[in-house]
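Here is the structure we will look at, set down as structure tokens.
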Amino acid sequence: METRSLYVHIPFCESICSYCDFCKVYYDQKQSDLYLQRLNEELSQIEQHHLKTIYIGGGTPSALNDEQLEKLMSMLKTYSLEVEEYCMEVNPESMDYYKLKILKKSGINRLSIGVQTFQDHLLKEIDRHHNTTQVKNIIKYAKEIGFDNISIDLMYGLPKQTKEDIQKDIEVLQTLNLQHVSYYSLILEEGTILKYKNYQPLDEESEYQLTLFIDQELEKIGFEKYEISNYAKQGYQSKHNLTYWYYDNYYGIGLGACSKIDGQIIEHSRSLTKYLNGDFKTTTIDETKEETMFNQIMMSLRLKEGLDLKKFKERYQEDACVLYKEAVTRNIEKGRLMIENDYLKATQEGQYVLNDILIDFMK
């Protein structure tokens with residue numbers, strides 16, 4: 001299978017958010033300079049230049065200074081010549097007009113802005129260091145420069161957050177004329193500050209009710225839900241993230257990054273010291289055919305469109321509805337799954353109990 005997507009991880013952050021368990025370290029200029037050198041060495045090992053998508057994530061890629069950003073863009077130039085989507089994650093407090101111009105000049109055509117909420121008092125609860133005014137300014141600058149594909153991340157289930165706060169966030173979103181929003185429920189991961197503080201997340205019923213509310217409110221203002229946590233105006237689905245949900249191949253470079261090449265998952269070490277010393281040590285996990293097929297089902301059922309049964313059969317020479325007959329039949333009878341136009345998809349009810357559906361596929 002051809003590999004046409006690249007993920008680039010920039011682990012540096014100016015501050016550490018209380019909910020984050022991604023591979024990250026505090027920004028240091030000397031370490032960042034050396035990291036970019038090592039990243040370039042690793043990038044040179046990728047032979048395929050005809051990429052469809054590039055996604056620069058973190059950490060906080062926008063924590064890099066102007067010169068470092070220009071160097072990163074220069075490193076990726078030959079890889080980005082034919083891309084359809086070239087996206088970078090940015091945080092409002094570390095992004096400015098000049099950095100946006102660097103990105104635009106270098107071919108970045110999609111921005112993903114870490115907002116989380118427009119309620120400044122809630123941002124303090126999760127150790128975010130921007131405010132709503134900064135978010136609005138960055139979006140204004142980005143539009144002035146010519147960016148017309150802008151996504152933001154929002155969250156629910158935050159400490160002290162109410163349904164009214166979520167309603168206010170959606171009202172602000174409506175005024176911004178954006179193309180995409182990722183709306184995540186707060187998940188408490190091991191090793192995060194909120195987990196250490198013993199914060200209690202939403203119970204299942206509360207999460208279900210808020211998810212339903214968000215789905216309905218976003219639909220009213222023109223955002224179609226196309227994946228469990230992602231909503232887009234028509235034609236603005238994230239092409240890079242669809243690579244993951246279709247379980248296609250992708251390269252991943254940088255600290256803690258992951259690649260999927262056919263039946264292999266290649267995981268990078270999360271040790272910055274080793275990486276800066278030129279040790280790009282990776283762990284290769286060989287998936288069995290059964291594991292690969294299940295993983296594709298797991299990822300594809302997150303999508304509103306579901307699993308393409310024809311492509312599944314072409315890829316694995318297996319009929320998913322025969323292979324997983326009991327799970328498919330049981331969940332269709334329960335009203336959780338349906339087959340439509342050769343796609344196996346979760347019903348509206350099924351989207352909210354996807355974990356239960358997947359357990360059936362594992363039996």
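Fair warning: this is a prediction, and the values are worked out from it, not measured in the lab.
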So, the side chain of T175 versus the backbone of V172: is there a donor-acceptor pair under 3.5 Å, distance only? yes
Nearest non-hydrogen partners of D248 and K260, listed with the distance: O-CD, 3.5 Å
Can you name the closest pair of heavy atoms from L176 and K136 and give their distance? CD2-CG, 4.3 Å
Test item: side-chain donor near acceptor, T53 and S5, under 3.5 Å: yes
In terms of side-chain heavy atoms, does N249 have a donor or acceptor partner in D262 at a distance below 3.5 Å? yes
Decide yes or no on salt bridge (charged side-chain N to carboxylate O under 4.0 Å, His left out) for D308 and R315, but give the supporting numbers first. CA-CA 11 Å; D308 186 327; R315 187 176 288 187; over 6 Å; no
Tell me yes or no: between the side chains of Q179 and N149, is some donor less than 3.5 Å from an acceptor? no
Which value, rounded to the nearest 0.5 Å, describes the distance between I253 atom CD1 and C258 atom SG? 13.5 Å
Can you classify the ring geometry of Y7 versus H9 as parallel (below 30°), tilted (30 to 60°) or perpendicular (above 60°)? tilted
Verify ring-ring contact (aromatic ring centres under 6.0 Å, His included) between F361 and F294, making sure each step is shown before the conclusion. CA-CA 8 Å; F361 278 81; F294 172 78; 7.3 Å; no
Is there a donor-acceptor contact under 3.5 Å linking the side chains of Y55 and T243? no
Ring-face cation contact, F213 with K163, 6.0 Å cut, 45° max: yes
Counting only N and O atoms by type, is there a donor-acceptor contact under 3.5 Å from the side chain of T117 to the main-chain atoms of Q119? yes
Check whether any side-chain N or O of H268 sits under 3.5 Å from a backbone N or O of G256 as a donor-acceptor pair, and report yes or no. no
Ignoring hydrogens and geometry beyond distance, is a side-chain donor-acceptor pair present between E207 and S185 at under 3.5 Å? yes
Ignoring hydrogens, what is the shortest heavy-atom contact between Q351 and I228? Give both atom names and the distance. O-CD1, 4.3 Å
Looking at every heavy atom in both I261 and Y250, which two are closest together, and how far apart are they? CD1-O, 3.7 Å
If you measure only the distance, is there a donor-acceptor pair under 3.5 Å linking the side chains of Q68 and D33? yes
Would you tell me whether H50 and E2 have side-chain atoms, one donor and one acceptor, within less than 3.5 Å of each other? no
Do any pairs count as a ring pair (Phe, Tyr, Trp, His ring centres under 6.0 Å) and have a residue in residues 80-121, sequence neighbours left out, and if so which ones? Y97-Y141
Assign the ring pair F280 / Y275 to parallel, tilted or perpendicular, where the plane angle (0 to 90°) is split at 30° and 60°. tilted
For P61 against L69, the heavy-atom pair lying closest together: O-CD2, 4.1 Å
Side-chain donor-acceptor pair present, T292, E287, cut-off under 3.5 Å: yes
Main-chain N/O of E224 paired to K233 side chain as donor or acceptor, under 3.5 Å: no
With no hydrogens and no angle check, do the side chains of T132 and D120 hold a donor and an acceptor under 3.5 Å apart? yes
